[in-house]
Every structure is written in C-alpha cells, then in structure tokens.
Amino acid sequence: MTENLPQTHHAVTIDQPGGPDGLTWSEVPAPQPGPGQVLVRTAAAGLNFIETYQRSGVYDVDYPFTPGSEGSGTVVALGEGVEGVEVGDRVATAAGTGTYAEHFVAPAEQLLPVPEQMDLQQAAAVPLQGMTAHYLCRSTVEVGPDHTVLIHAGAGGVGLLLTQLCVSLGATVITTASTEAKRELSRQAGAAHVLEYEGFAEKVRELTDGQGVDVVYDGVGKDTFDASLESLRVRGTLVLFGGSSGQVPPFDLQRLNGAGALYVTRPSLAFYTRTAEETAWRAGELFEAIAAGTLDLRIGAQHPLAEAGRAHADLEERKTTGKVLLVP
Ligand code: NDP
C-alpha cells in the first residue's frame, strides 16, 4: 500500500430492491484493496443493463449494495501481492466492484491499461460492452464474410459496437431499433438493413431470399425470442445474451428440431474473460480498432454519479443510445 487511503468517500447505494429512486449518493466507508486487488480513483463508471436487474431484484445481490462493475480511473493503492501495476497507472476494467463511487476495487489481473492518447473518462465506455461485442462475434460465433447476422437494439451500447465489429469482419448486418433516430444511428454504424421490431422475422426472410440469417444476437429477450428463432436459417444460431424486455421463460427444446436443427446459447462475459491473457487479447483488439478509427465509441450521455437514478430510468425507458457514462 502506498498512498494515504481514503477512509470515507461518496458512493451510490441501494438498500433494497426497487425503482431508480432507490439509488442514493452519500458518504460511506471507502473500500480497501484486498490481496491481488487495486484501489482506483474513479474517472467514470459505465452504465450497463445488468445494474438495472440488480437494482430491481431480478438478480440477487446483498444489501446495502453499490452497483457497477465497469469503470476507469487512476490506481491509488495496491493490495498485497499485486505485481505489474503501479500507483498512478491509468486503467479501465469490466471486473470492478462498486464502480458507482469515487473509488472502487478491482482485481489487478482484470485491469486494462488505457492507451496514452485515450481520454480516461472515455475509456470507461470500452471494457464491458466492448468486450461483450468482441466475444459475441469472435468467440461465441466466429463471424465472417459469408455470414448474415441480425442484431437487436442496434443503436444500444452493445448493438452499435457489435454492428461495427461484424461489418469489419465482412458480415452483412441487419438490425432492429425502436425509433427512426435510433435506426439512423444503426445505419451509420454500418447496418445494411435496419428494421422496426414489428414483423421483423418476415422482413428478415424477405431480405435473405427466404433462407433466414446465420446468427441472431438477441439482448432484448422476452419480446423478441420467438421471432428471433423464426429468423434463423437451417442450423442457424440464436445467441441470447440479455433480456432488456424481460427474461425468456423456459421453452420446449423440440422447437429447435422442428425449426431446422437450430442452436441456442446463453453466454456471458465472465466466461469469455477467464484469464488475464484472454481479457488482454479482447481489449487489445478493441483499443487498436478505436485508435485506427475503425471502431467508433458513441457516448450517448454522461450524468453525475449522484444522478444515477435518472440514468437508470432513461435506460429502462429506452431513451438512451450507445454508451452512458456516470462521473463523480
Ligand atoms: P442497450 O444500450 O442496448 O439498452 C437496451 C436497449 O434494449 C434499449 O435501448 C432498447 O433499444 C432495447 N429494448 C427493447 N425492448 C426493451 C424494453 N422493453 N425495455 C428496455 N429496453 C428495451 O443496453 P446494453 O448495451 O447495456 O445491453 C444490451 C443487452 O445486452 C442487455 O440485455 C444486457 O443485459 C446484455 N448484456 C449482456 C452481456 C453478456 O455478457 N451476456 C454483457 C453486457 C450486456 P430499442 O429502443 O431500439 O428497442
């Protein structure tokens, strides 16, 4: 440990499951880095849909709870046994604990060094949605030039990044989005066809000579799942990676047989960043693409952490595009 560690700091906390109003900003004891961890002074926290599931009780958490696993900032203290990281390093991570705060702890192994030319706050937009987009098209399915893929919520945080990555891999991308403004953003990200949700399975068939797409990336879940299955070609893959409209209820596996020997998978980032090497590979490719100008980070909004409730409400009411950042 190197600096005088803060004893208290300001953080967002939730005392019980509920709505966005339950997110409060107050002075609380500051976290201390444990073995293998570092303490980071927060430059920005990334807002992610999972925090709405944790806030509302869809996912179990222990209360009082400070949300946030994505953030960027400057390392201010090292826990026992940390090597290869120095106080003063500029870092970002998708594996922090309680990043909706002035400081957060994170495992040293899951820190991404932020390139010098990149603004530290902007760097908070990369780790979680960026590495998710990366694993979805590089590992869950290895997308290539022969593929046509359908991506739901094409103007969202994951959606905009995944669209650009799939296009750069040579795939033809079809997306959905709920408003004309969002559809225009999705086109700018490289989508060849941008659809409304209404009747999307039929439109996908028309656009693919009746065949269907090779892959559907579905983070919307409950409202889109059935029609996503109907949009696939024979032996196509449905990648269900979230449920912004609600969780998909249990379903009969025989449907996969009847619909053309389909595949369904339900991946999550933690299983695709299992080692420091894997995390570094994904982050390295993302930072390179950003530096080369082939991957555009769209920061759709930035709010003070003290107004995290407003940001949650906007995300749940479908008012956001791209990445939303929260700053101390
Ligand atoms: P987004 O920025 O994509 O926001 C969610 C979007 O979902 C909305 O903007 C909206 O776009 C769409 N949507 C459709 N129906 C609804 C609804 N009923 N309520 C709210 N939104 C709806 O969020 P993220 O990029 O942060 O996350 C996208 C998905 O990816 C989420 O489901 C999230 O949980 C998941 N995720 C999964 C990960 C994993 O590893 N499995 C990691 C990271 C995220 P529109 O208005 O165009 O419909």
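No hydrogens, no waters, no symmetry mates; every other heavy atom, side chains included, goes into these values. Ligands are counted one by one from 1 in listed order, and the atoms in each one are counted from 1 as well. We number each residue from 1, following the sequence as shown.
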Non-hydrogen atoms of Gly243 versus ligand 1: any pair closer than 4.0 Å? yes
Under 4.0 angstrom from ligand 1, any heavy atom of Tyr272? no
Look at atom 32 (O) of ligand 1 and say which protein heavy atom is nearest, naming residue and atom and giving the distance to 0.1 Å. Gly219 O, 2.7 Å
Can you confirm, on distance only, whether ligand 1 has an N/O atom lying under 3.5 Å from any N/O atom belonging to Leu128? no
Under 3.5 Å between any N/O of Gly242 and any N/O of ligand 1: does that happen in this structure? no
Under 3.5 Å, N or O to N or O, is Phe241 touching ligand 1 that way? yes
Does Gly159 come within less than 4.0 Å of ligand 1, judged by its heavy atoms? no
NZ/NE/NH1/NH2 to OD/OE distance under 4.0 Å, Glu277 and Arg282: no
Can you tell me how far apart CG (Leu128) and CD1 (Ile50) are? Round to the nearest 0.5 Å. 7.5 Å
Please compare Glu316, Arg318, Gln247 and report which has the shortest non-hydrogen distance to atom 21 (N) of ligand 1. Arg318
Just need the protein heavy atom nearest to atom 39 (C) of ligand 1, so name the residue and atom and give the distance. Tyr135 OH, 3.3 Å
Any nitrogen or oxygen of Ile50, side chain or backbone, less than 3.5 Å from one on ligand 1? no
Flag the pair Arg55 and Glu316 as a salt bridge only when some basic side-chain nitrogen lies within less than 4.0 angstrom of an acidic carboxylate oxygen. yes
Which one of Ser178, Ala153, Ser244 has a non-hydrogen atom at the shortest distance from atom 46 (O) of ligand 1? Ser178
Would you indicate whether the side-chain heavy atoms of Pro31 and Phe104 approach each other to under 4.5 Å? no
Any side-chain to backbone donor/acceptor pair from Thr66 onto Gly98? Under 3.5 Å, distance only. no
Quick one: does any side-chain atom of Thr320 pair with a main-chain N or O of Leu315 as donor and acceptor, under 3.5 Å? no
Can you find an N/O atom of Val220 closer than 3.5 Å to an N/O atom of ligand 1? no
Could you check which of Lys323, Glu51, Arg266, Gln129 puts a non-hydrogen atom nearest to atom 26 (O) of ligand 1? Gln129
Show every donor-acceptor pair shorter than 3.5 Å between a side-chain atom in residues 148-166 and any protein atom, with sequence neighbours excluded, or say none if there are none.
from, atom 1, to, atom 2, distance (Å)
His152, ND1, Thr176, OG1, 2.8
His152, NE2, Ser228, OG, 3.0
Thr163, OG1, Gly159, O, 2.7
Gln164, OE1, Asp296, N, 2.7
Gln164, NE2, Leu160, O, 3.1
Gln164, NE2, Asp296, O, 3.1

Looking only at N/O atoms, are Thr176 and ligand 1 under 3.5 Å apart anywhere? no
Please check whether Gly157 reaches ligand 1 - meaning an N/O of the residue sits under 3.5 Å from an N/O of the ligand, judged on distance alone. yes
Cation-pi geometry met for Arg318 and Tyr197 (6.0 Å, 45°): yes
